[in-house]
Amino acid sequence: MSVHKKEVKRVTTHVLQAMKHNGEKISMLTAYDYSMARIIDEAGIDVILVGDSASNVMAGHETTLPITLDQMIYHAQSVVRAVKRSLVVVDLPFGTYQGDSKMALKSAIRIMKESGAHAVKLEGGTEIKDAIKRILSAGVPVMGHLGLTPQSIYKFGTYTVRAKEEMEAKKLQEDASFLEKLGCFGIVLEKIPAELARKVSETVTVPIIGIGAGGGVDGQVLVSHDLMGLTKDFHPRFLRRYLELFDTIKGAVGQYIDDVKSGDFPNEKEQY
Ligand code: KIV
């Protein structure tokens, strides 16, 4: 098993920039609670994303839209308590930044103040430039997110690969350069053709982290529940499962139920 900590004591946005410069790939995973964040941080992950995918995998919603700012702050607080090394990035949830840059700044400041996280992530390009500018002006590091942006699922209509058509690919490339110029420290590219993602990564100087965007980018992110097989019915091509925890945990719980019912648990040594 690889525990990849290197010499870095605390991962910062500057460390990520240096990693891109040196050609060292960046590892990023989601976490939403103390116990999982502790394991992932100890394993040596570079970036922990408190993603609004918490809406799906923690709360059971169909989309990321329902999760609130208070709920994101609760998840972020739990993660930050566990983390010693990773950079912690928190998603601004749907409805807390679009169309009102003052509200965006307020939302970002609440996340930073109340959770102790290190950066925020926002979905979108030029259309949210005022929000990004205002947050950056307060000294809060911002990560962009382009391609498949799940908060816009009702605009897209499906979760299929984005930017396959030339016009959308061009807009994505322009948006990536735009986010870099605004001052974003990194950009997530979700579910776009690998060749396009590689081009963006070569064009912009900030780290590009892909999910379903191929190997030509500067790092990879996955939802930890997917990687560990805690989710059962999600099998996109880009996902590599490292465990089948749904079945493992179900088996263990089944065994526990049998042991309780049969009187095998607790035994002589498991009591006072
Ligand atoms: O919310 C999330 O988990 C994300 C990743 C898929 C990048 O935004």
Side-chain angles (χ1 to χ4, degrees), residues 16 25-33 36-37 40 45-69 71-76 78-79 86-98 107-108 111 115 117 119-125 128 132 141-153 156 158-163 172 175-176 179 184-192 197 200-201 206-214 217-228 230-231 234-241:
L16 299 183
K25 297 274 188 185
I26 296 163
S27 61
M28 175 162 158
L29 269 182
T30 63
Y32 319 98
D33 68 273
M36 188 71 89
I40 292 173
I45 206 84
D46 298 313
V47 185
I48 291 184
L49 172 66
V50 183
D52 58 359
S53 50
S55 180
N56 308 111
V57 298
M58 299 301 287
H61 293 295
E62 210 172 294
T63 73
T64 58
L65 275 65
I67 200 160
T68 66
L69 187 57
Q71 288 164 342
M72 287 302 295
I73 289 170
Y74 166 77
H75 287 298
S78 310
V79 166
S86 318
L87 183 85
V88 179
V89 181
V90 182
D91 269 337
L92 280 192
F94 176 68
T96 66
Y97 63 96
Q98 298 96 338
S107 307
I111 286 179
S115 77
V120 295
K121 177 164 79 60
L122 281 69
E123 294 184 5
I128 55 160
I132 294 176
V142 174
M143 182 169 231
H145 185 156
L146 300 170
L148 177 63
T149 46
Q151 290 178 13
S152 306
I153 185 59
F156 298 145
T158 81
Y159 285 101
T160 52
V161 180
R162 304 301 315 173
L172 186 140
D175 274 343
L179 292 181
C184 289
F185 72 87
I187 302 169
V188 167
L189 292 184
E190 181 165 352
K191 226 170 170 189
I192 63 166
V200 172
S201 170
V206 296
I208 299 295
I209 313 294
I211 173 164
V217 290
D218 307 304
Q220 299 292 327
V221 58
L222 283 176
V223 169
S224 51
H225 284 55
D226 298 334
L227 170 148
M228 292 172 199
L230 278 163
T231 47
F234 184 57
H235 302 283
R237 191 201 294 191
F238 68 77
L239 174 60
R240 187 180 294 181
R241 280 194 199 282

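Counting starts at 1 for both ligands and their atoms, following the listed order.
Closest non-hydrogen pair, Glu123 versus Tyr97, comes out as N-OH, 3.0 Å. Here the closest heavy-atom approach between residue Gly212 and residue Phe238 is recorded as CA-CB, 3.3 Å.
Heavy-atom neighbours of Tyr74 OH from other residues, nucleotides or ligands within 6.0 Å: at or below the threshold of 12.
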For ligand 1, output the ligand-protein N/O contacts shorter than 3.5 angstrom; if there are none, return none.
| unit_1 | atom_1 | unit_2 | atom_2 | d |
| --- | --- | --- | --- | --- |
| ligand 1 | 1 (O) | Asp52 | N | 3.2 |
| ligand 1 | 1 (O) | Asp52 | OD1 | 3.0 |
| ligand 1 | 1 (O) | Ser53 | N | 3.1 |
| ligand 1 | 1 (O) | Ser53 | OG | 3.2 |
| ligand 1 | 1 (O) | Asp91 | OD2 | 3.1 |
| ligand 1 | 3 (O) | Ser53 | OG | 2.5 |
| ligand 1 | 8 (O) | Lys121 | NZ | 2.9 |

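For the atom pair CG of Leu172 and CG of Leu146, the computed distance is 5.0 Å after rounding to the nearest 0.5 Å.
A donor atom on one side chain and an acceptor atom on the other are not found under 3.5 Å apart for Asp33 and Ser78.
When the side-chain contact (heavy atoms from CB on, under 4.5 Å) test is applied to Phe185, the partners found at least two apart in sequence or on another chain are Thr13, Leu16, Leu87, Val89, Ala119, Pro141, Met143.
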